[in-house]
There are 2 protein chains.
Amino acid sequence: MDEERPVAANMIRPAGEVALDDVDRAIVRILAADARTPNSTIARRVGVAPSTCLLRVRRLQETGVVRGFHADLGPEALGRPLQALVSVRLQSHARAALGSFAERLATLPGVLNVFFLAGANDFLVHVASTSPEDLREFVVRNLNAAREVASTETSLVFEHVPGRGLQPD
Amino acid sequence: MDEERPVAANMIRPAGEVALDDVDRAIVRILAADARTPNSTIARRVGVAPSTCLLRVRRLQETGVVRGFHADLGPEALGRPLQALVSVRLQSHARAALGSFAERLATLPGVLNVFFLAGANDFLVHVASTSPEDLREFVVRNLNAAREVASTETSLVFEHVPGRGLQPD
DNA sequence: CTTGAAATTATGATGCA
DNA sequence: TGCATCATAATTTCAAG
């Protein structure tokens, strides 16, 4: 009696800014801090009825304010204590295949983010590795060995400080 | 009768890798995909009793495999459609204040991440802005104007592809 | 690890401003 | 339109086996 949750059948395209009132903003803040907070608790904290709160949360999802809820995993506990940012410069003729190349990168184990960068005409790969050897092999095998890649530059991440992010005031 | 949830009184420091069995890995995958999946649904999908599943989830939190659950917010819907990565190089004498400087940066609206980079002896700020003017003002006011900062280099993010991340096979 | 039962929560229908 | 109340189904949670 549950199986697949439709989540949001008619998702509004995240084209423009969505108007939020104080209740919406409070809900967003709570869900950003702890996505598993029960609906009834959110309702009480923001001062509305649970049914109203449920409607608000669903609307926030439908309007693209909330795109999803995810567990935040600990890299060290999962055996990937070493993070790096790898800046990649492509061959000037290989720009066409950029999309599919990055898509493939994004599916590799340990790849946290891929950023396409405008301006420098290259991209940045954020990766978590099990060891320095693993990192080196990742860069050599998946980046340097690719025909599309002209050069790479690897920077070790000494510390990662999550910002306050997108939370509304 | 709920108020503050203690979450994990005796949190194990994320010093080393944690051994996971198939059930743990399946739970992690489900929570990474949708952190609001009901415990009973997780239990059925991974093939254990709900009470067992609840214990597993709590252990995953205590051991640092799961650090938290967060709503994924849409930058466009929240009025910050423009993302950038700003590489910052510090004055060679200002390294001591690096920590507090980055801490302060991380609390500014729109700052998604701050990465301390070893090797290049500088750091990278991932920021979401409301407009090009807003981005420019952010860089000038919070970075260039700081005494500690020697130089910055801003790259616009053309597209952000989330990787498969840390999910176990 | 499971069963089972009590407390808590989610959710939709309905009525009110 | 937006919200609250209420009733019912589902879930969480813990004690025992």
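All chains are named by letter (A, B, ...) in the order of the sequence lines, taking the proteins before the strands, and each is independently numbered beginning at 1.
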Visitor: Hey, can you tell me if B:His126 and B:His160 have their rings parallel, tilted or perpendicular (30° and 60° cut-offs)?
Guide: perpendicular
Visitor: Under 4.0 Å from OP1 or OP2 of C:dC1: is there any side-chain N or O of B:Arg56 that close?
Guide: yes
Visitor: At how many degrees, to 10°, do the end axes of the helix from C:dC1-D:dG17 to C:dA17-D:dT1 meet when each uses five pairs?
Guide: 30°
Visitor: So, B:Arg56 and B:Asp24, do they make that salt bridge, N to O below 4.0 Å?
Guide: yes
Visitor: Name the one of B:Leu135, B:Val127, B:Leu112 that satisfies side-chain contact (heavy atoms from CB on, under 4.5 Å) with B:Gln83?
Guide: B:Leu112
Visitor: Can you list everything that forms a side-chain hydrogen bond (donor to acceptor under 3.5 Å, both in side chains) with B:Thr154? Sequence neighbours excluded, please.
Guide: none
Visitor: Does any non-hydrogen side-chain atom of A:Val18 lie less than 4.5 Å from one of B:Leu78?
Guide: no
Visitor: Between the protein and nucleotides 12-17 of chain C, list the N/O to N/O atom pairs that are separated by less than 3.5 angstrom.
Guide:
| from | atom 1 | to | atom 2 | distance (Å) |
| --- | --- | --- | --- | --- |
| C:dG12 | OP2 | A:Arg58 | NH2 | 2.6 |

Visitor: Once you round it to whole Å, what is the distance between P of D:dA4 and CZ of A:Arg44?
Guide: 15 Å
Visitor: Would you tell me if any nitrogen or oxygen in the side chain of A:Thr52 comes within less than 4.0 Å of OP1 or OP2 on D:dC3?
Guide: no
Visitor: What's the closest nucleotide to the side chain of A:Pro50 if the choices are C:dT9, D:dT12, C:dT11?
Guide: C:dT11
Visitor: Please give, in whole Å, the distance from D:dA15 C1' to B:Leu55 CG?
Guide: 12 Å
Visitor: Quick one: A:Phe69 CZ to C:dA10 P, roughly how many Å, whole number?
Guide: 12 Å
Visitor: Could you tell me if the side chain of A:Leu31 sits less than 4.5 Å from the side chain of B:Phe69, heavy atoms only?
Guide: no
Visitor: Write down the distance between CG (B:Asp22) and P (C:dC1), rounded to a whole number of angstrom.
Guide: 12 Å
Visitor: Between C:dT3, C:dA10, C:dT11, which nucleotide has the shortest distance from any of its atoms to the side chain of B:Ala49?
Guide: C:dT3
Visitor: Distance check, rounded to the nearest 0.5 Å: B:Leu54 atom CG versus B:Ile27 atom CD1?
Guide: 9.5 Å
Visitor: Within a strict 4.5 Å, meaning less than it, do heavy atoms of the A:Phe123 and A:Leu90 side chains meet?
Guide: yes
Visitor: Nearest whole Å is fine: how far is C:dA10 P from A:Asn39 CG?
Guide: 5 Å
Visitor: Tell me the interatomic distance from A:Arg59, atom CZ, to C:dT11, atom P, rounded to whole angstroms.
Guide: 16 Å
Visitor: For the CZ atom of B:Arg36 and the OG1 atom of A:Thr37, what is their distance to the nearest 0.5 Å?
Guide: 7.0 Å
